[in-house]
Amino acid sequence: MAKFKPKPRFKPYNHDQNAMVVINYQDQLQPGTFEHAVHYLIEHKLDLSVFYPKYRNEDTGRLAYDPAILLKIILFAYSRGITSSREMQWCCETNIQFKALSCETVPHFTTLAKFVSGHAEAIEELFEQVLLVCHEQGLLGNELFAIDGCKMSSNASKEWSGTFKELEEKRTKLRRLIRHHLKAHYERDEAETEVELDRDIRRAKTILSLDEALQKVDRFLKTNRPRMGRGKRSKEVKSNITDNESAKMTTSKGTIQGYNGVATVDKKYQVIIDAQAFGEGQEHHTLQPVLETVEARYKKLGIAKNIYQQNTVITADTGFANEANMQYLHERQINGYIPDNKFRSRDPKFQNQKAKYGKRHQNQTNTRWEDMSPDVGGGTGVRQHWHEQGVEPLQPAGPKKGPGSVAALLSGA
DNA sequence: TGGAACGCTCGTTCTTAGCA
DNA sequence: TGCTAAGAACGAGCGTTCCA
């Protein structure tokens with residue numbers, strides 16, 4: 001029998017209060033915070049006239065939002081991981097810091113989206129202005145640049161990708177399917193019962209959606225050319241019907257359709273001096289364009305005529321290691337440090353890696369990793385294989401989930 | 001198990017309103 | 001009158017769920 005226990009006592013509260021809260025927006029932008037830095041930079045350091053040519057309301061027309069306001073909202077949103085223009089608008093309505101930055105204006109999400117998409121070049125120029133400010137403030141050490149990449153998903157499904165041969169096969173398969181459904185449809189054309197009629201309507205819808213997919217693949221094959229890989233033995237790489245600039249790539253969490261974002265960071269204050277997106281799974285080919293962009297940018301901004309002759313050290317991980325890159329660094333006399341993919345097997349520090357970390361170990365070939373943890377992938381012991389030659393990882397066991405009908409068809413599922 | 005329907009996010013386009 | 005902002009509608013794309 002449960003013992004009687006008196007109700008605990010809590011502090012009283014009342015929703016029916018008419019309290020007024022006074023907020024000073026300037027107090028929300030405290031020196032030392034990121035929002036203050038964004039506000040200060042845009043108001044006092046950056047030349048926003050790069051945005052002006054796109055406006056044509058000097059004499060007539062409605063007043064436009066000042067690029068300073070839009071930039072503050074967008075940059076602060078990005079710093080908080082918010083990239084959706086609708087969410088930015090919502091933040092301007094509800095968030096006190098956004099209100100302080102936007103001076104309590106609420107630009108429409110289409111205005112924010114248009115600003116980003118319509119001023120891509122000006123925004124890039126602005127990045128260089130920020131870099132120049134960093135240089136003037138002594139935030140760039142130029143002693144060591146670290147290069148690394150991360151893989152980001154694009155808004156495109158990997159099921160819509162393949163080589164031209166594979167896509168042609170998919171087109172043939174779709175044609176065959178449409179013929180099959182049409183034949184069945186004609187055979188049952190004289191439907192009499194409601195059930196038969198309903199089935200025929202469903203079949204007609206299937207034919208339409210298959211035809212749509214067929215047209216999509218067909219249009220792509222007629223208007224595009226096969227994408228060729230780089231290197232000595234360049235072979236065709238998979239194209240993607242939705243976003244052909246992105247690429248199918250292997251990550252630690254499986255295969256994704258996306259981009260390789262490569263950033264270069266100055267060691268002194270971890271200032272990003274270059275950021276580019278490449279539609280390639282391999283990082284090898286991104287080293288040279290990245291180094292050349294940094295060099296050209298430093299020359300253009302007057303930071304250094306030839307940055308790599310100042311004994312600046314370049315570091316990158318094993319993803320960037322190949323013979324061509326080593327040759328390039330050697331010829332250009334760039335002081336670069338890139339470990340090859342067998343450095344672990346030579347380094348005694350990595351000998352006890354398995355015993356120390358348990359979950360991961362590297363086998364003798366150094367091209368294959370195995371995740372032996374039984375608690376990954378729903379207790380099935382997912383084995384994730386990675387191979388330099390581009391072999392896709394095995395999918396985790398369990399119920400198959402994924403894209404809808406046509407995409408599944410295209411993937412050959 | 002395959003296919004359709006649905007929900008969700010996001011950007012673009014078109015139309016209308018507002019402003020000088 | 002001509003421009004920009006705002007609002008509504010639309011379409012693209014993806015992933016999940018439901019059902020035959």
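Below, chains carry the letters A, B, ... as their sequence lines are ordered, and counting in each starts from 1.
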Q: Look at the side-chain N and O atoms of A:Ser84 and state whether any lies under 4.0 Å from the OP1 or OP2 oxygen of B:dT9.
A: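 A:Ser84 to B:dT9 OP1/OP2: no side-chain N or O under 4.0 Å.
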
Q. With respect to the phosphate group of C:dG7, does any side-chain polar atom (N or O) of A:His108 fall under 4.0 Å of OP1 or OP2?
A.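 True: A:His108 side-chain N/O within range (under 4.0 Å) of C:dG7 OP1/OP2.
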
Enumerate donor-acceptor pairs with a distance under 3.5 Å from any side-chain N or O in residues 99-109 of chain A to protein atoms, sequence neighbours excluded.
unit_1   : atom_1 : unit_2   : atom_2 : d
A:Lys99  : NZ     : A:Glu93  : O      : 3.4
A:Ser102 : OG     : A:Phe98  : O      : 2.9
A:Ser102 : OG     : A:Thr105 : O      : 3.0
A:Glu104 : OE2    : A:Tyr25  : OH     : 3.2
A:Thr105 : OG1    : A:Ser102 : O      : 2.6
A:His108 : ND1    : A:Thr110 : N      : 3.3
A:His108 : ND1    : A:Thr110 : OG1    : 2.7

What's the [atom1]-[atom2] distance between [X] and [N], to the nearest Å?
X	N	atom1	atom2	result
A:Gln257	C:dG13	CD	P	13 Å
A:Ile82	B:dG11	CD1	P	13 Å
A:Phe115	B:dC10	CZ	P	20 Å
A:Gln89	C:dA5	CD	C1'	11 Å
A:Phe109	C:dG7	CZ	P	10 Å
A:Leu112	C:dT4	CG	C1'	14 Å
A:Asp66	C:dT4	CG	P	14 Å
A:Ile241	C:dA12	CD1	P	14 Å

(Q) For A:Arg86 and A:Thr111, find the nucleotide of DNA chain C closest to each by heavy atoms; which residue's nucleotide sits nearer the 5' end? (A)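 Nearest nucleotide further toward 5': that of A:Thr111.
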
Q | Ionic contact status for A:Arg297 with A:Glu128, cut-off 4.0 Å | A |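 Salt bridge between A:Glu128 and A:Arg297, a charged N being under 4.0 Å from a carboxylate O: yes.
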
Q: Answer with base, sugar-phosphate or nothing: what part of the nucleic acid does A:Thr110 contact at a heavy-atom distance below 4.0 Å?
A: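 Base, at least one base atom sits under 4.0 Å.
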
Q) For residues 79-89 of chain A, which residue pairs qualify under salt bridge (Lys or Arg N to Asp or Glu O under 4.0 Å), counting only residues two or more places apart or in two chains? A)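 Checked against salt bridge (Lys or Arg N to Asp or Glu O under 4.0 Å) - neighbours excluded - the pairs reaching residues 79-89 of chain A are A:Glu35-A:Arg80.
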
(Q) One pair to check against side chain to side chain contact (heavy atoms under 4.5 Å, CB included): A:Val294 and A:Tyr308. What are the steps and the verdict? (A) CA-CA 10 Å; A:Val294 171; A:Tyr308 305 124; 3.6 Å; yes

